[in-house]
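Read through the structure below, which is laid out as structure tokens, and then see the notes.
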Amino acid sequence: MKNAEDLRRALRAIDHKSYPAYKSTRGDYQFPRYTLSIDHVQGDPFAAPSRVSVHISGKTAAFPAFLYDTYEKRVALQDYLLRQFARAIAPYSFRAKGSGKSGLLGISRCGQEILERTACVLNASDGSLIINMEIGFPANGRTIASQELIRILFDFLPGCVEKSLLYRSLDPKACANVARLCEDQQAIRAALKEKGLTAFIADGSILPRETGVSDLPMKHAVPFISPESLRITLDLPNRGPVSGMGIPLGVTLIVGGGFHGKSTLLQALERGVYNHIAGDGREYVITDESAVKIRSEDGRSIRRTDISMFINDLPNGKNTAAFTTEDASGSTSQAANVVEAMEAGTSLLLIDEDTSATNFMVRDELMQRLIHRDMEPITPFIDRVRELYEAHGISTILVAGSSGAYFHVADTILQMDRYVPKDITALAKQEAAAFPISVTSLPTALLPSFKRCPTPSPEFRGDRIKLKSLGRDGVSINRETIDLRYVEQLRDREQSAALGYAMVCAQQHLMDGRHTLSQIVAELEAMLDEKGLESLCGGHSGVPFLARPRTQELFACFNRYRGLQL
């Protein structure tokens, strides 16, 4: 292996040459405390930045094993180190001058959720550490300015690595607190299953966000306080006793006036499938990790999905046991979303009336009298919500602001009053008795068929596949856009990018027309568990910035791909 001085000499030798000469520097170079790998060199200073990785041995990084002895703690430590490194390099970005992206120092931008990312990878077996980052190799016009790159690689980067990625340079207490918080969060997740809960929200949590476009906690927000009837106390391994609201299994209804915090509570619950960083305000808001936010999606693609549990006997005679459309209505899209969530293994549905199709959710008594059930192909969700729980073990948390019909079928009813929840179950049931609804006895629906066996699309043959991330909104594969705007629990553009790579990987290696979609997703998950996110992009020079999506989002991406061959 070459050493740092070899790199310095090589850079001096190409100074003022044409930009492509930078490609001669690709390779590994041993620095005093780490190995620097130049993995991919950009084509010109205006192209996507070069990919560089820093490799630190376990002995040099020297993080105690107790900080990463479980998968969750390892991900939390990686997240912490990544944030530390991002802060360290930020003052040096563009300090080296030049054209285009010259001097850029880039790394993943972490949000409030703690996600597994390719930007920082800690090896569980030996404690070694890899940081994948971007550097804009400097140039004047398209002429190499290698003295500026020498400043980056020899003056800026070593200090950033020393300051943020070595245990001896970090605050041991802060590192330990990351592990302790993770242990407490995982203890709450375990308690949900033991105590028959769908979610837990600690007293004192800050649920409102700063603005509609900021995920930071709102200053001077009303802290969360549990109603006494739902308050439980959990004894956490590090923090000790923590009290808060436990939402039981079954059907939970959240009601209240406009702007009183109904949707804010639901949003905190949908984000609670992820662990959050200290200071977020939702560190101890923990939701069943299989929970899926359900909404209507007019215009989405549906491929051979069995929605007969909710929709039957269409006037056009279309088969709803293998329903296909390129332009779904509000009701058919929401029905498909529920069934696909079942296929993805959810135990909890999260629904907001504001983003639902009204005719899918409920039919009032007057409408039922005028339009007989035999003339209505839609079985509304209200007629199946109890069956979903009692027959399939799938709970529902529903926000409603205008219809009281769900009072009759809910197990728990919460009223949000100026961001404070009140348990009004008994009162609501008493009032609902004065407004009886017509309930039609329905036979239990057959479990939807999930025997969909995709085959690879012809456009995925060969190696020339054009993959482009569209941010949080979706991914484009060979000019086919997969719209993920309404998959609301996707929290990061790097998760969307990972979904794109997963689609390509599955099409090229896993789809054969014999394995079901569930089996294909299970194989992808096993590969990610064993080999990490990097396994999705084998053969690419330089590891792209990816973050791991949940199983539920893998299913959602496959189900929204219009080119899926079934």
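These values consider heavy atoms only, across backbone and side chains, with no hydrogens, waters or symmetry-generated copies. Nothing here was measured: the structure is a model prediction, and the numbers come from that model.
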Check your understanding: Going through the checks in order, is the salt bridge (Lys or Arg N to Asp or Glu O under 4.0 Å) test met by K451 and D306?
Key -> CA-CA 10 Å; K451 294 180 179 178; D306 183 356; over 6 Å; no

Practice item. Check the pair R452 / E343 against salt bridge (Lys or Arg N to Asp or Glu O under 4.0 Å), numbers first and verdict last. Key: CA-CA 10 Å; R452 299 185 295 159; E343 184 179 21; 2.7 Å; yes

Practice item. Run the numbers on R295 and E488 for salt bridge (Lys or Arg N to Asp or Glu O under 4.0 Å), then give the verdict. Key: CA-CA 9 Å; R295 58 169 296 155; E488 297 183 36; 3.0 Å; yes

**Study point:** Worked check of side chain to side chain donor-acceptor pair (under 3.5 Å) between E534 and T118
**Key:** CA-CA 7 Å; E534 301 89 342; T118 55; over 6 Å; no

Exercise for review: Apply side chain to side chain donor-acceptor pair (under 3.5 Å) to the pair D352 and S263, showing each step before the final yes or no.
Suggested key: CA-CA 7 Å; D352 193 330; S263 295; 2.7 Å; yes

Review point. C505 and L524: side-chain contact (heavy atoms from CB on, under 4.5 Å), yes or no, with the steps?
Key: CA-CA 9 Å; C505 178; L524 280 171; 4.3 Å; yes

**Study point:** Check against side chain to side chain donor-acceptor pair (under 3.5 Å), S331 and S329
**Key:** CA-CA 6 Å; S331 57; S329 66; 3.3 Å; yes

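Taking a cutoff of 4.0 Å between a charged side-chain nitrogen and a carboxylate oxygen, R180 and E183 do not qualify as a salt bridge. R271 and D215 are joined by a salt bridge, as a carboxylate oxygen and a charged side-chain nitrogen come within less than 4.0 angstrom of each other. Looking at R548 and D529, a side-chain N of the basic residue comes within less than 4.0 Å of a carboxylate O on the acidic one, giving a salt bridge. Note on R51 versus E134: salt bridge recorded, some NZ/NE/NH1/NH2 to OD/OE distance being below 4.0 Å. In this structure, E494 does not pair ionically with R472, as no charged nitrogen and carboxylate oxygen lie closer than 4.0 Å. A salt bridge links R117 with D492: at least one charged nitrogen is closer than 4.0 Å to a carboxylate oxygen.
Between F310 and F360, the distance separating the two ring centers is shorter than 6.0 angstrom.
The shortest distance between side-chain heavy atoms of S214 and R209 does not fall below 4.5 Å. Counting only heavy atoms from C-beta outward, the side chains of S296 and T355 never approach each other to under 4.5 Å. T332 has its side chain within reach of F323: a pair of non-hydrogen atoms, C-beta onward, lies under 4.5 Å apart. Counting only heavy atoms from C-beta outward, the side chains of E340 and R560 approach each other to under 4.5 Å. Counting heavy atoms from C-beta on, the side chains of N132 and V54 never come closer than 4.5 Å. No side-chain heavy atom of V543 sits under 4.5 Å from any side-chain heavy atom of D39. In this structure the side chain of V251 never reaches within 4.5 angstrom of the side chain of S395, judged on heavy atoms. Between I394 and S347, every side-chain heavy-atom pair lies at or beyond the 4.5 Å cut-off.
When each of T396, L398, I294 is paired with F381, the side chain to side chain contact (heavy atoms under 4.5 Å, CB included) condition holds for T396 and for no other.
In this structure, CD1 in I378 is found 11.5 Å from OG1 in T320, a value given to the nearest 0.5 Å. For the atom pair CD1 of I188 and NZ of K193, the computed distance is 12.5 Å after rounding to the nearest 0.5 Å. Going from atom OH of Y68 over to atom CG of L77 covers 9.0 Å, rounded to the nearest 0.5 Å. Rounding to the nearest 0.5 angstrom, the gap separating the CD1 atom in I482 from the CG atom in L470 is 9.5 Å. Atom CG of L67 is separated from atom CG of L122 by 9.0 Å, given to the nearest 0.5 angstrom. With rounding to the nearest 0.5 Å, the separation of CE in M309 from NE2 in H392 is 4.0 Å.
Seen from the ring of F46, K101 does not count as a face-on cation partner, given the 6.0 Å and 45° thresholds.
Checking side-chain atoms of T25 against main-chain N and O of Y22 turns up a donor-acceptor pair under 3.5 Å. Between the side chain of E72 and the main chain of T70, no donor-acceptor pair closer than 3.5 Å is present. Counting only distance, with no hydrogens or angles, the side chain of H40 and the backbone of I38 share no donor-acceptor pair below 3.5 Å. Under a 3.5 Å cut-off, the side chain of R189 and the backbone N or O of T287 do form a donor-acceptor pair.
Annotation for I477 and G500: closest pair CD1-O, 4.0 Å, computed over non-hydrogen atoms. Residues L350 and E270 approach most closely at CD1-CA, 3.5 Å, considering heavy atoms. L490 and S496 make their closest contact through CD1-OG, 3.8 Å (heavy atoms, listed as atom of the first residue, atom of the second, distance). Taking both residues in full, the closest heavy atoms of H515 and E523 are given as CD2-OE2, 3.6 Å, listed atom of the first, atom of the second, then distance. The two residues Q334 and S356 make their nearest non-hydrogen contact at NE2-OG, 3.1 Å.
The number of heavy-atom neighbours closer than 6.0 Å to CZ of R304, taken from other residues, nucleotides and ligands shown, is 12 or below. For K468, the NZ atom counts as loosely surrounded, since its 6.0 Å shell holds 12 or fewer non-hydrogen atoms of other residues, nucleotides or ligands. When the shell of 6.0 Å around CZ of R109 is examined, it contains 12 or fewer heavy atoms from other residues, nucleotides or ligands. Heavy-atom neighbours of Y486 OH from other residues, nucleotides or ligands within 6.0 Å: at or below the threshold of 12.
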